[in-house]
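Proteins get letters first, then strands, A, B, ... in listed order; numbering begins at 1 in each.
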Number of protein chains: 2
Amino acid sequence: MAQDRAPTRIQRKNRAAILDAALEVFSAHGFRGATVDQIAVQAGLSKPNLLYYFPSKEAMHAALLEGLLDTWLDPLRDLDPAGEPMDEILAYVRRKLQMSREFPRESRLFANELVQGAPRIHDALSRDLKALVDEKVTILEGWMAQGRIARVHPYHLIFSIWSLTQHYSDFDVQVRAVLDTEDPFDGASDFIETLYRRLLSPP
Amino acid sequence: MAQDRAPTRIQRKNRAAILDAALEVFSAHGFRGATVDQIAVQAGLSKPNLLYYFPSKEAMHAALLEGLLDTWLDPLRDLDPAGEPMDEILAYVRRKLQMSREFPRESRLFANELVQGAPRIHDALSRDLKALVDEKVTILEGWMAQGRIARVHPYHLIFSIWSLTQHYSDFDVQVRAVLDTEDPFDGASDFIETLYRRLLSPP
DNA sequence: GAATGATTTGACCATCTGGTCAAACTCACG
DNA sequence: CGTGAGTTTGACCAGATGGTCAAATCATTC
C-alpha cells in the first residue's frame, strides 16, 4: 500500500492537495453535504485517485479533524499563569481572533461538526478540551481571588471568547450582509478588546 | 390538491407534525444531511405521505425557514427608542437568550444555514436583516451621543449579543462537554448581563 | 532500457435517496 | 349507507454517490 512506509514526493504532494480540497468542501457543505467528486475536482485529481490515498470519505474527514482540535486550542494553551492577567487574557483573545481570521475554513469545519452534535469528536471534547479548560479556569480563578481582574464566571468568560471570536468566521455571511464590507473582522478586534478591558478591569 | 382551500383538521395536524419532524431532523443534520425518510419516521408518517403534503424536501425546508428569520428578529424589533437605554439593551439580551433556550432547534437550523453560506436566505439577510439592524444602530448611536451608554461600535455590539446568546444553543455540545451540566444556559444569563452592564455603563 | 513498484483511471457496482403513481383506504356528509 | 373527496401507501424509478478493480501509465533504480 502507498501509505505504509516513507512517503514519496508524489504522496506528500497529493495527500496535501486532497486534504486542502477536502477542507474547502467539508467546511462549506458539512460532511454529508460534501461529495467525493467535489473534493476530487477541487483537488484536480480523479475520484478513484483520492481513494487510493484515503480509504474513504470518512478517513479524509477524520484526518482533517484529527489535528484540528489540538491546533485550535493552542492559543488557550499559551495562557501563562506567570504573566500579567489582563495582558494574558487580551493576548489570548487576539490569538484566537487571528486564528479565526487566518483559518476560517478550519473554524467552519469545526462549527459544522459542533452544530450537528459533534458525533465524531465528542470524546475529545469531554476529555482533552475539558481538561485544558479546567486547568486554565483555575488560573483565572486565582487571578480573580487576588483581585487582579474582576470576578466573573470563569467558564463563561472562556465561552464568551470562543463565541465572540469565531462568530466572525463561522457566520461571516451574516456579518457581511449587515456591514456591507469585504473584511468581516473589520473593527471586531477593537470592539472585543474594549469589551474585555471593561469587563475585567479590577474594581 | 390538498393545499388549495380551507385546510381540514387532518391537514392541519399532519402539516404541523411534518414541520416539527423536519425541524428536528434538519436542525440536527443540516439540509443535505437530512433525509425525507428520517423526517417521515420522526413524524410517524410514510414518505409518500409527506410528499402529499409538501411537494419536495426543499419545500419543507423553505416552509421552516420562511417564518424563522422574522421570528428570530422579533426581540430586536422590540428595542424601544423611548426606553431607558441600559434597560432596553439588557431586556433585548434577555429576550434573545430566552429565545435561544426555548427554541434551540430553530437556532441550530439557522446556524446550519449560516455556516454553510446561507444559500437560501442570503437575500433576506442583506435586505430585511440589514434594514432592521441599521435602524436599531441609529438608536444606539443616539444613546451614545447623549452619553447615556458608553461609546462602542454599535454594529459589533449587536453582533456580540447574537454571538453570545446563540452560542449556548448552537454549540451546546461543547458547553456541556466542558461544564458537565444538564442546562448549558446555567449561569450564562448572569454572566452576559454583567458583561453588558460593565461594557455599556456610561463613564 | 528493463524490471519493479507506485500511481492513475475508465468502467463498473450496490446502495441510498428524492420523488412518482395508481390503487386502496378513510372520512364527512347527505 | 353510499358517494365523492380527501388521505395513505406499496411498488417502483432515475439519478446521485461512495467505493471497487483490473488494466494502463509513470517513476525509479539497477
Side-chain angles (χ1 to χ4, degrees), chain A residues 1-65 109 112 116 119-120, chain B residues 1-65 109 112 116 119-120:
Chain A
M1 313 298 138
Q3 286 80 347
D4 270 9
R5 304 264 127 221
T8 71
R9 181 179 47 84
I10 294 175
Q11 273 174 42
R12 254 195 303 278
K13 185 173 67 89
N14 281 350
R15 285 183 62 97
I18 292 168
L19 285 179
D20 186 79
L23 177 57
E24 189 73 27
V25 177
F26 282 137
S27 67
H29 304 290
F31 178 77
R32 194 82 167 18
T35 72
V36 178
D37 266 310
Q38 280 179 89
I39 300 174
V41 169
Q42 179 78 26
L45 298 170
S46 70
K47 184 170 65 158
N49 205 175
L50 293 213
L51 293 161
Y52 170 74
Y53 288 101
F54 291 89
S56 68
K57 178 183 170 185
E58 276 275 346
M60 298 174 208
H61 195 252
L64 285 174
L65 237 35
L109 181 72
N112 259 304
Q116 299 185 9
R120 300 158 221 275
Chain B
M1 315 300 140
Q3 286 83 347
D4 271 8
R5 303 262 128 222
T8 70
R9 184 179 47 86
I10 293 177
Q11 272 174 43
R12 252 196 303 280
K13 185 173 68 92
N14 281 350
R15 283 183 64 98
I18 291 168
L19 284 178
D20 187 80
L23 176 57
E24 189 73 28
V25 177
F26 282 136
S27 68
H29 304 291
F31 179 77
R32 194 80 169 19
T35 73
V36 178
D37 265 311
Q38 280 178 89
I39 300 174
V41 168
Q42 180 78 28
L45 297 170
S46 70
K47 184 170 65 158
N49 206 5
L50 294 214
L51 294 161
Y52 169 73
Y53 288 101
F54 291 88
S56 67
K57 179 184 170 184
E58 278 274 347
M60 298 174 208
H61 195 252
L64 285 174
L65 237 36
L109 181 73
N112 259 304
Q116 298 183 10
R120 299 158 222 273

What is the distance from [atom1] of [X] to [atom2] of [N], rounded to the nearest Å?
{"X": "Phe54(B)", "N": "dT20(C)", "atom1": "CZ", "atom2": "P", "result": "15 Å"}
{"X": "Leu50(A)", "N": "dG10(C)", "atom1": "CG", "atom2": "P", "result": "13 Å"}
{"X": "Lys47(A)", "N": "dG18(D)", "atom1": "NZ", "atom2": "P", "result": "7 Å"}
{"X": "Asn49(B)", "N": "dT20(C)", "atom1": "CG", "atom2": "P", "result": "15 Å"}
{"X": "Met60(B)", "N": "dG18(C)", "atom1": "CE", "atom2": "C1'", "result": "9 Å"}
{"X": "Phe26(A)", "N": "dG18(D)", "atom1": "CZ", "atom2": "C1'", "result": "11 Å"}
{"X": "Arg12(A)", "N": "dA6(C)", "atom1": "CZ", "atom2": "C1'", "result": "15 Å"}

Please name all residues satisfying side-chain hydrogen bond (donor to acceptor under 3.5 Å, both in side chains) with Gln42(B), sequence neighbours left out, ordered by chain then number. none
For Glu24(A), all residues meeting side-chain hydrogen bond (donor to acceptor under 3.5 Å, both in side chains), sequence neighbours excluded: Arg105(A)
Going by side-chain contact (heavy atoms from CB on, under 4.5 Å), name the residues that satisfy it together with [X], two or more places apart in sequence or in a different chain.
{"X": "Leu45(A)", "answer": "Asn14(A), Ile18(A), Ala43(A), Asn49(A), Leu50(A)"}
{"X": "His61(B)", "answer": "Phe26(B), Phe31(B), Leu65(B), Leu109(B), Glu113(B), Arg120(B)"}
{"X": "Ala28(B)", "answer": "none"}
{"X": "Asp37(A)", "answer": "Thr35(A), Lys47(A)"}

Are the side chains of Met60(A) and Leu23(A) in contact, using a 4.5 Å heavy-atom criterion?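 No, too far: nothing below the 4.5 Å cut-off.
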Closest approach to the side chain of [X], judged atom by atom: which nucleotide of [options] is it?
{"X": "Leu51(B)", "options": "dT7(D), dT9(D), dT20(C)", "value": "dT20(C)"}
{"X": "Gln11(B)", "options": "dA6(C), dG18(C), dG6(D)", "value": "dG6(D)"}
{"X": "Pro48(B)", "options": "dA6(C), dG6(D), dT9(D)", "value": "dT9(D)"}

Please name the pair of heavy atoms, one in Ala21(B) and one in Ile39(B), separated by the smallest distance, quoted to 0.1 Å.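 Taking every non-hydrogen atom into account, CB-O, 3.5 Å.
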Is there a donor on the side chain of Lys57(B) or the base of dG19(C) sitting less than 3.5 Å from an acceptor on the other?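 No, the side chain and the base share no sub-3.5 Å donor-acceptor pair.
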Near DNA chain C, counting only heavy atoms under 4.0 Å, which residues of residues 27-40 of chain A show up?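 Close to the strand are Arg32(A).
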Between [X] and [N], does any side-chain N or O lie under 4.0 Å from OP1 or OP2?
{"X": "Thr8(A)", "N": "dA27(D)", "value": "no"}
{"X": "Tyr52(B)", "N": "dT7(D)", "value": "yes"}
{"X": "Asn14(A)", "N": "dT8(C)", "value": "yes"}

Could you walk me through whether Gln38(B) and His29(B) satisfy the side chain to side chain contact (heavy atoms under 4.5 Å, CB included) test, starting with their C-alpha distance in whole Å, then the side-chain angles of each, then the deciding distance to 0.1 Å, before giving a yes or no? CA-CA 10 Å; Gln38(B) 280 178 89; His29(B) 304 291; 3.5 Å; yes
Could you run down the sub-3.5 Å N/O contacts of the protein with nucleotides 25-30 of chain C?
unit_1: dA28(C); atom_1: OP1; unit_2: Arg9(B); atom_2: NH2; d: 2.7

